[in-house]
Amino acid sequence: MKCSRYMCMRLSNVTCSCRLTYTSAGYRRWIGVPRTGTVCNIGNRILSGTYFTSHVSRMASKVGSSSKNDKNFTLNAWEDTATLYVHWPYCSKRCTYCNFNKYINNNVDHRRMERCLEKEIQSLTKVSGVKKIGSIFFGGGTPSLAQPQTLQRVVETAAACALLPGDAEVSLEANPTLLETKKIREMKQAGVNRLSVGTQSFSHKFLKLLGREHSGEDAVRCIEEAKSVFPGKTSLDLIFGLPEQSISEWESDLKQAINVADNHISLYQLTLERGTALFKDIMMGHYVMPDDDVVAEMYELAVQVLEDAGFERYEVSNFARKNARSTHNQAYWRGDNYIGVGPGAHGRFLVHTKEGRHREARIQTLEPQPWMTEVEKYGDGTRKRVIQETNDILEEILMLGLRTKEGISNVHWQKFSNSSIQDIFACNEDVQDFVDLGLLRLDEESLCATSKGLNVIDSVLRVLLNSLHHNLQDQDSKHT
Ligand SMILES: C[S@@+](CC[C@H](N)C(=O)[O-])C[C@H]1O[C@@H](n2cnc3c(N)ncnc32)[C@H](O)[C@@H]1O
Ligand SMILES: C[S@@+](CC[C@H](N)C(=O)[O-])C[C@H]1O[C@@H](n2cnc3c(N)ncnc32)[C@H](O)[C@@H]1O
Ligand code: SF4
C-alpha cells in the first residue's frame with residue numbers, strides 16, 4: 001500500500017536520449033517529448049511547429065481551446081484554473097527516512113527566496129494563462145520554517161496574478177516542534193487557513209527511530225494549538241509499517257491520534273528510500289521491517305478504527321469527517337492543473353503556443369541556489385518540461401483517480417478522451433475479473449474501487465495501467 005504522496009511523475013520514464021536546447025523564445029532548456037520516436041526527429045518537428053499542430057489540435061479539441069483572448073472565457077473553465085503548490089526546500093534536520101527534496105541550511109536567505117517565489121509565480125501564471133487559483137499548498141521540506149512575511153508575500157502575489165477566491169484553501173505543513181507551534185497564529189495572519197501537522201507517531205521509540213525533532217507531547221501541543229487557530233481545518237500525518245512496529249503499537253498511535261485529531265488524518269505507509277539513513281540501517285540488519293501481511297493488517301485496522309470514529313476514507317491515504325477533505329490534494333487526484341513553484345516543485349498545466357495550448361508536466365530545478373539564480377535570470381527555474389500526450393494524462397487520471405472513494409467519472413474521463421470509460425474498460429478481462437472479485441465497480445457513470453478494492457489498489461492499478469496503456473496504443477495505431 002504505497003501512499004499517494006508521490007505524484008506519479010511521467011517525466012521519469014520519458015526516454016529522451018538527448019537534451020535539446022532551444023533558442024526560440026520560451027524554450028530555454030531541455031524539453032522532453034513522450035516515449036515514442038526518437039527525440040531528434042520529434043524535436044525538429046517541435047521546432048518547426050508541425051508537431052504541435054497535430055498534437056495541440058487533438059489536445060485543444062479535448063481540453064478546450066480557450067486562448068487568452070477567448071471571448072467565452074469563463075472563470076471556472078478547467079483549462080484556466082489551477083491550484084498553486086509552493087515548495088519550501090529547507091529543514092532544520094534530516095529525518096532518517098525521508099527523501100523528499102529538502103536541504104539543511106540554518107542560514108537561509110529568506111528575502112531572496114521570497115523574491116524568487118514571487119517572481120516564479122508571476123512567470124508561471126503568465127505562461128500558463130491561468131486566471132483562477134483554486135487553492136495554495138505550502139509543502140516541503142518544512143514550510144513552517146519559512147517566515148510569515150514570506151507566506152504572506154506568496155499569497156498576495158497569487159492574488160495579484162489570478163483570481164484567488166476569498167475562501168480558497170491555503171494549506172501549510174508544519175513540523176510540531178515548539179518553535180513552529182509558536183508561529184501558528186502568525187501563519188494565520190499571513191493567510192494560511194489549513195494546517196497539516198507532521199506528527200508521524202506519538203511514541204518516543206518511533207520518533208527517535210525516524211529522527212524527528214519533536215516528542216509525542218510536542219505533537220499533541222501543536223495539534224491543540226492548530227485546532228484553536230484553524231478549527232475544523234487541522235490535519236495530522238501518521239506513518240505506519242515502521243521497523244519493529246507491532247500491530248498493538250500502531251493501534252496505540254491510532255487511538256492517540258483520534259483522541260487529539262480535528263477532522264482530517266493522513267496515513268502514510270513507510271516507503272524505504274534508497275540513500276536514507278534508515279535504508280542503510282535496514283540493510284545492515286540494525287532493524288527489521290514488518291512483513292507485508294502485518295502492514296496490510298495495520299492498514300485495514302486503521303480503516304476500521306478511523307471509520308468507527310466517523311472518518312470517511314476519501315482517498316487511500318486520506319480520511320476526513322465533517323467534510324474536511326483537502327481541496328488541494330483532491331485537485332491532484334482529479335488530474336486538474338497545478339502550478340508548482342520553488343525548488344523541485346512539480347507542475348501540470350496548459351501552456352499557450354501560437355497554435356493553441358498543450359499541457360506540460362514540469363519539474364523546477366531541485367537545488368535552491370541554482371533555482372534562485374535561474375529565477376533571477378530567466379523568471380522561472382524550470383528544469384524539465386514534457387509535453388503531455390493525451391494518453392499520459394489518461395494514465396495519470398487512472399493512477400490517481402482510482403485511489404479515491406469516488407473513482408473516475410465518465411464525464412471527467414471524456415474531458416480528455418473520445419472513448420468513454422465503458423468503451424475502454426467494459427470488455428477488459430482484467431477489469432471483469434476485478435469486478436467479479438468485488439474489487440471494482442464499473443457502470444455508465446464511473447469506474448471506482450470498492451472498499452475492499454481500495455485495500456489492494458496498488459495491485460489492481462498495476463494491472464489496469466498496463467491494459468490501458470496497450471488499449472490506447474492499439475487505438476493510436478488504428479488512427480495512424
Ligand atoms: C515530506 S514531509 C513535509 C512536511 C514536514 N516536513 C513533515 O515532516 O511533516 C510530508 C509527509 O511526507 C511523509 N513522508 C516523508 N518521507 C516518507 C517516507 N519515506 N515514507 C512515507 N511517508 C513519508 C511524512 O509522513 C510527512 O508527514
Ligand atoms: C505527502 S503530502 C502531505 C499532505 C498532507 N497530509 C495534507 O493533507 O495536507 C505533501 C508533500 O508532498 C510533496 N508534494 C505535494 N505536491 C507537490 C508538488 N506539486 N511538487 C512537489 N512536491 C509535492 C511535498 O513534499 C509535500 O510536503
Ligand atoms: S520528513 Fe519533513 S522534516 Fe523530515 S526531512 Fe523530510 S521534509 Fe524534512
Side-chain angles (χ1 to χ4, degrees), residues 1-9 11 82-105 135-146 169-177 180 192 194-201 206-207 210-214 219 222 230 233-242 262-279 282 314-315 317-320 324-333 336-349 361-364 366 400:
M1 172 56 54
K2 288 280 171 275
C3 66
S4 59
R5 62 192 166 78
Y6 289 110
M7 248 53 61
C8 62
M9 293 306 293
L11 295 167
T83 57
L84 175 64
Y85 173 77
V86 183
H87 197 82
W88 185 262
Y90 300 111
C91 293
S92 52
K93 175 174 179 295
R94 200 178 299 279
C95 299
T96 60
Y97 63 110
C98 171
N99 84 332
F100 278 77
N101 188 43
K102 45 94 186 32
Y103 304 83
I104 311 304
N105 175 352
S135 67
I136 299 175
F137 192 101
F138 290 95
T142 304
S144 45
L145 293 175
E169 178 191 279
V170 180
S171 283
L172 181 131
E173 290 186 292
N175 284 23
T177 64
E180 291 153 88
V192 172
R194 176 179 180 273
L195 204 75
S196 170
V197 180
T199 311
Q200 316 312 330
S201 169
F206 293 114
L207 289 171
L210 293 172
R212 299 294 288 184
E213 284 190 299
H214 64 272
C222 184
F230 304 111
K233 289 282 186 187
T234 296
S235 175
L236 66 88
D237 284 3
L238 283 182
I239 200 162
F240 68 98
L242 300 173
D262 192 1
N263 296 323
H264 192 280
I265 294 179
S266 301
L267 305 180
Y268 297 119
Q269 176 191 333
L270 174 69
T271 309
L272 210 47
E273 299 291 355
R274 193 175 289 281
T276 60
L278 187 60
F279 182 84
I282 299 288
Y314 70 106
E315 193 266 351
S317 300
N318 288 275
F319 299 75
R325 294 181 171 201
S326 158
T327 310
H328 185 86
N329 290 317
Q330 289 184 101
Y332 286 156
W333 304 328
D336 286 357
N337 299 311
Y338 54 97
I339 293 175
V341 301
H346 303 164
R348 293 276 192 291
F349 52 83
R362 292 188 175 211
I363 300 188
Q364 302 316 93
L366 292 176
L400 292 166

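Every number for a ligand or one of its atoms is a count from 1 in the order of the listing. Numbers here simply count residues along the sequence, with the first being 1. Values in this document were obtained by computation on a predicted structure and should not be read as measured data.
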Would Tyr268 count as being in polar contact with ligand 1, using the rule that some N or O on each side must be under 3.5 angstrom apart? no
For Lys102, counting its heavy atoms only, list the atoms of ligand 3 lying under 4.0 Å from any of them. 5 (S)
Mind checking whether Ser326 has an N or O less than 3.5 Å away from an N or O of ligand 2? no
Side chain, backbone, both or neither: His264 near ligand 2, heavy atoms under 4.0 Å: side chain
Got the closest protein heavy atom to atom 4 (Fe) of ligand 3, with its distance? Cys95 SG, 2.4 Å
Hey, looking at atom 7 (C) of ligand 2, which of Arg194, His328, Glu173 has the closest heavy atom? Arg194
Any nitrogen or oxygen of Asn99 lying under 3.5 Å from a nitrogen or oxygen in ligand 1? Just yes or no. no
Quick one: look up the protein heavy atom nearest atom 3 (S) of ligand 3 and list residue, atom name and how far away it is. Asn175 ND2, 3.0 Å
For ligand 2, which atoms sit closer than 4.0 Å to a heavy atom of Tyr338? 19 (N)
Would you say ligand 2 has an N or O under 3.5 Å from any N or O of His346? yes
Can you name the closest pair of heavy atoms from Thr199 and Leu207 and give their distance? O-CD2, 3.7 Å
Cut-off 3.5 Å, side chains only: do Asn101 and Tyr103 have a donor facing an acceptor? yes
Check Leu272 against ligand 1 and report side chain, backbone, both or neither, counting heavy atoms closer than 4.0 Å. neither
For ligand 1, is Gly141 a contact, meaning one of its heavy atoms is under 4.0 Å away? yes
Find all atoms of ligand 3 within a distance of less than 4.0 Å from any non-hydrogen atom belonging to Arg212, and give their numbers and elements. 1 (S), 2 (Fe), 3 (S), 4 (Fe)
Residue selection (non-hydrogen contact nearest atom 16 (N) of ligand 1) among Phe138, Tyr97, Phe279: Tyr97
Looking only at distance, does Phe100 have an N or O less than 3.5 Å from an N or O of ligand 2? no
Per-residue contact class, Asn329 against ligand 2 - non-hydrogen pairs under 4.0 Å: side chain
Should you measure from each heavy atom of Gly141, which atoms of ligand 3 turn up under 4.0 Å away? 7 (S)
With nothing but distance in play, are any N or O atoms of Asp237 less than 3.5 Å from an N or O of ligand 1? yes
Could you report the tightest heavy-atom contact between Ile339 and Ala82, atom names first, then the distance? CG1-CB, 4.2 Å
Counting each atom of ligand 3 from 1 as listed, which ones have a heavy atom of Thr142 under 4.0 Å away? 3 (S), 8 (Fe)
Enumerate the atoms of ligand 2 whose separation from the nearest heavy atom of Ser266 is less than 4.0 angstrom. 6 (N), 8 (O)
Show the atoms of ligand 2 that are less than 4.0 angstrom away from any heavy atom in Ala345. 20 (N), 21 (C)
Within 4.0 Å of some non-hydrogen atom of Phe137, the atoms of ligand 2 are 4 (C), 9 (O)
Within a distance under 4.0 Å of any heavy atom of Thr271, pick out the atoms of ligand 1 and give their elements. 18 (C), 19 (N), 20 (N), 21 (C)
What residue and heavy atom of the protein are closest to atom 8 (Fe) of ligand 3, and at what distance? Cys91 SG, 2.3 Å
Contact region, Arg212 to ligand 1, non-hydrogen atoms below 4.0 Å, reads side chain
Heavy-atom pairs closer than 4.0 Å: do any link ligand 1 to the side chain of Gln200, the backbone, both, or neither? side chain
Under 4.0 Å, counting heavy atoms only: does Gly198 come that close to any atom of ligand 3? no
Angle between ring planes, His264 versus Tyr314, binned at 30° and 60°: parallel, tilted or perpendicular? perpendicular
Give the residue, atom name and distance (to 0.1 Å) of the protein heavy atom nearest atom 6 (Fe) of ligand 3. Cys98 SG, 2.3 Å
I'd like to know whether ligand 2 has Ser171 as a neighbour, heavy-atom separation below 4.0 Å. no
Report yes or no: does Gly140 have a heavy atom closer than 4.0 Å to ligand 1? yes
Using a strict 4.0 Å cut-off to heavy atoms of Tyr97, name the atoms of ligand 3 that fall inside it. 1 (S)
